[in-house]
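Let me begin by presenting the structure, written as structure tokens, before commenting on it.
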Amino acid sequence: YTQLRNIIESRLKVVLPEDLGSSLMDGVVLCHLANHIRPRSVASIHVPSPAVPKLSMAKCRRNVENFLDACRKIGVPASETRSLVSVTTQTPPPAWQIWDVIGSSLVHVLCLVLLFIAYSWIELT
């Protein structure tokens, strides 16, 4: 996860919290990363504000769905994102458990996206 953290932080010029999974759960960083890779691949990102510092589950879910749509636009095979789609569309277990699953799934999908992009970049050069 250290290499993944370094890639995200250097590309987006941000410092992520210690717990990488929890910092990806609301989908904001993922959407910004997708837009960094392919500008405007995520048209709308729900972000926290000073008035409402925590996003609702619906907005977090929408961000994650937007990220997955962007992954498809970028060319990540649907089979690589399917596990996260099933997690986000089922009736959730207790909140603490779903966030653990989503956090680890997002890290997994993000790793796959970065590997796919690195591979594609090598193919282009």
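Worth knowing before you read on, the calculation uses all heavy atoms, side chains too, and leaves out hydrogens, waters and symmetry mates.
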Please check: side-chain N/O of R38 versus main-chain N/O of K73, any donor-acceptor pairing under 3.5 Å? yes
First locate atom CG of N63, then atom OG of S44, and finally report the distance between them rounded to the nearest 0.5 Å. 7.5 Å
Is the side chain of D26 donor-acceptor paired with the backbone N or O of C60 at a distance under 3.5 Å, no angle test? no
E65 and R61 ion-paired at < 4.0 Å: yes
Measure the NZ-NZ distance between K54 and K59 for me, rounded to the nearest 0.5 Å. 14.0 Å
Applying salt bridge (charged side-chain N to carboxylate O under 4.0 Å, His left out) to D19 and not counting sequence neighbours gives none
Between atom OG of S23 and atom CZ of R5, what is the distance when rounded to the nearest 0.5 Å? 6.5 Å
Are side-chain heavy atoms of I37 and I74 found at a separation under 4.5 Å? yes
Please go through V28's hydrophobic cluster and name the other residues, only I, L, V, M, F, W, Y counting, with side-chain heavy atoms under 4.5 Å joining them. V42, I45, V47, L55
Under 3.5 Å: donor-acceptor pair, side chain of N66, backbone of A43: no
Over all atoms of both residues, closest heavy-atom pair of A34 and F67: CB-CD1, 4.2 Å
Decide side-chain contact (heavy atoms from CB on, under 4.5 Å) for L16 and V29; before the verdict, give the C-alpha distance in whole Å, the side-chain angles of both, and the deciding distance to 0.1 Å. CA-CA 9 Å; L16 297 173; V29 171; 4.0 Å; yes
Pairwise distance CG(L33) to CG(L12) - rounded to 0.5 angstrom: 5.0 Å
Roughly how far, to the nearest 0.5 Å, is OG of S56 from CZ of R62? 12.5 Å
Rounded distance (nearest 0.5 Å) linking atom NE2 of H36 with atom NZ of K13: 7.0 Å
